[in-house]
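In what follows, a structure is listed as structure tokens, so that the remarks can point back to it.
Protein chains get the first letters and strands the later ones, always in sequence-line order, with residue 1 at the start of each.
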Amino acid sequence: MAKDDDYDYLFKIVLIGDSGVGKSNLLSRFTRDEFNLESKSTIGVEFATKSVPVNGKTIKAQIWDTAGQERYRAITSAYYRGAVGALLVYDISKRQSFENIDRWLKELRDHADPNIVILLVGNKADLKHLRAVTQDEAASFAEQQGLACIETSALDSMNVETAFHRILSEIYNLMSKKTLSDRPEPSRPGGMRGAPIRVDEENTRPPPARSSGGCCR
Amino acid sequence: MWSDPSAGRSASLAAPPSSSAQAASGPTPGTSDPGPSSSSSSGPPKKPLVKLQRFGACFAKEAVDLNELRELLWSGVPDEADPSVRAKAWQLMLGYLPVHVERQVTGLSKKRREYRELVKDYFERSPEMRSDNENQILRQIRVDIPRTNPGFKFFGDAVMHGIMERTLFIWALRNPASGYVQGINDLITPFLVVFLASYLNKRDEDLHELEISEVPSEVLEHIEADAYWCLSKMLADIQDHYTFGQPGIQRMVLRLKEIVKRIDEALYDHLTNNGLEFLQFSFRWMNCFLMREFPMRCVIRLWDTYIAEQASGFSNFHVYVCAVFLVYWAPQLKMMDFQQMMLFMQKFPTEQWRPQQIETLLAEAYVLKSLFHSSPKHLS
């Protein structure tokens, strides 16, 4: 069994959001290019990794997919420890899952590192005819909260790579800045190997990423 | 002494459990405990026909002797048995079917009538009458039902979805301390499969292509009611597995950790040195009783024993089964790092497992349990 240790940085990311919004399929689409319409509910947590190039470095994303049901939060919140990024997922065809985003943000505030990078993800964007949350609405909510946002479809792959890539680059940029400000001399990247990077400097979160037309567009 | 339970096992898992289990058993199993020894120890080879006759004789008595049935069911319903044997044994052990034969018919029809009333009271009310909480429960159940897929086509059928929706919703409303928790949808499926097999007089293996539309609606009504009551009986003993914080499950995970540390310290050290927490991989084992790890035929065999163990099967004994299951993979796990272990344990290569392999686990778990119970200091 080969160990894929060939990376510069390891970032721990959590996938959170209501039950049934497609967290597990986002993960399987990103890490294995698979989608399963009948995938079973996640009990506890599941785990996958993928290495991607960011700014010439290889970033290994260690992604923890959590169960969405409220009852599990006592257990899943333990998995926020050490996470430097969170994909906060809702289903664009389920209004309720968007309305619950507030509660998930609170959950992160209570249990995660205060500087965790959060990306708001409106999944199931292929269900256009069932849309219950507009892009504008999501964009303005994200702006209010100081989050970046994006719409994805795990079913047809739309933006899945982009979403993960975006959060990983943002974490990387944040970390590079911090490394620069902490240590005048560039540190050996190898020194970071194998451990999740903590991005804990106050107020370093950059304004939400604005690609063409802002969030979600 | 239970020194190296994994020794030589990878080659012999398909073989009967007796050899390694017997060799390792210091203390003698308690006399009142039925155990693997009754079916698989020294003496003549397993005779399914003899066992079938014993089941038959047990059911034919005026009042079924549950101790006798317990012993029979513990070591599994033989493949050759009429499909109704398992359904009946489960229902008797769970306290659903009356032990007095003369009361069985009236007893069942009374419970089925009661269930119909519950459906009226809890489910058929106008949706406007439902509280926010009830709507939320129903929403969660409806998210989970279409993805409850224990490998049978009929679980994708709308009629079956209706059955699951009603049973799970009513159970959740009548058990507000836990309510519906994801995974309970998995737990009702063995009952549905076993009871369907019984009614249709088919082996559960032959139900894979079943069209639910071919099943008379009256039969479906009975199965629904029976499954509801049996699920309720089963969950009644393990309520705190699904209440806030899931203390019952946390306790089992902790106990698993202790047991593994005692029986295979090298594996325990390997797991912990790699930063693996028991909760990370065994939470699901406890929440769904290894249903996500095994094919249905194996789950059903496992449940023969758990149901026979009565109150302790789904809590205490299950932990020993998990310990044996984990240690079984020790040779592979010890070669892996954190990531490889996590991925491996999310998808064990168990799709092709047969009930015989479950019997091996059960036999070893039984020995382990006897060992720990006879000398509790093992754990201190």
Within the structure provided, determine whether Gln280(B) and Phe47(A) are in side-chain contact (heavy-atom separation under 4.5 Å). no

Could you tell me if the side chain of Glu277(B) sits less than 4.5 Å from the side chain of Tyr79(A), heavy atoms only? no

Which value, rounded to the nearest 0.5 Å, describes the distance between Arg71(A) atom CZ and Tyr242(B) atom OH? 11.5 Å

Under 4.5 Å between any side-chain heavy atoms of Glu46(A) and Lys347(B), yes or no? no

Quick one: do Phe283(B) and Val45(A) satisfy side chain to side chain contact (heavy atoms under 4.5 Å, CB included)? Show the steps, please. CA-CA 9 Å; Phe283(B) 181 83; Val45(A) 291; over 6 Å; no

Assert top hit (heavy-atom pairs under 4.5 Å, partner chain A, pool Gln246(B), Gln250(B), Met345(B)) equals Gln246(B)

Relative to chain A, which segment of Ser178(B) carries a heavy atom at a distance below 4.5 Å: side chain, backbone, both, or neither? both

How long is the gap from CZ on Arg147(B) to OG on Ser41(A), to the nearest 0.5 Å? 5.0 Å

Just how far is it from atom CD of Gln182(B) to atom CD of Glu70(A), taken to the nearest 0.5 Å? 11.5 Å

Greater than 12 external heavy atoms within 6.0 Å of Lys50(A)'s NZ: yes

Using non-hydrogen atoms and a limit below 4.5 Å, what part of residues 13-26 of chain A faces chain B? Ser19(A), Gly20(A)

Which atoms of Ser39(A) come close to chain B, meaning under 4.5 Å heavy atom to heavy atom: side chain ones, backbone ones, both, or neither? backbone

Spacing of CD belonging to Gln62(A) relative to CD belonging to Gln339(B), to within rounding of 0.5 Å: 7.5 Å

Measure the acute angle between the ring planes of Phe338(B) and Trp64(A), then classify it against the limits of 30° and 60° as parallel, tilted or perpendicular. tilted

So for Gln346(B), is it side chain, backbone, both, or neither that comes closer than 4.5 Å to the heavy atoms of chain A? side chain

For atom CG of Asp132(B), is the number of surrounding heavy atoms from other residues, nucleotides or ligands below 6.0 Å larger than 12? no

Where along residues 284-293 of chain B does a heavy atom come under 4.5 Å of chain A, listed by residue number? Arg284(B), Asn287(B), Cys288(B), Arg292(B)

Leading residue by heavy atom contact count with chain B [cutoff under 4.5 Å; candidates Arg73(A), Lys40(A), Glu38(A)]: Lys40(A)

Need one label for Val143(B): side chain, backbone, both or neither, based on atoms under 4.5 Å from any heavy atom in chain A. side chain

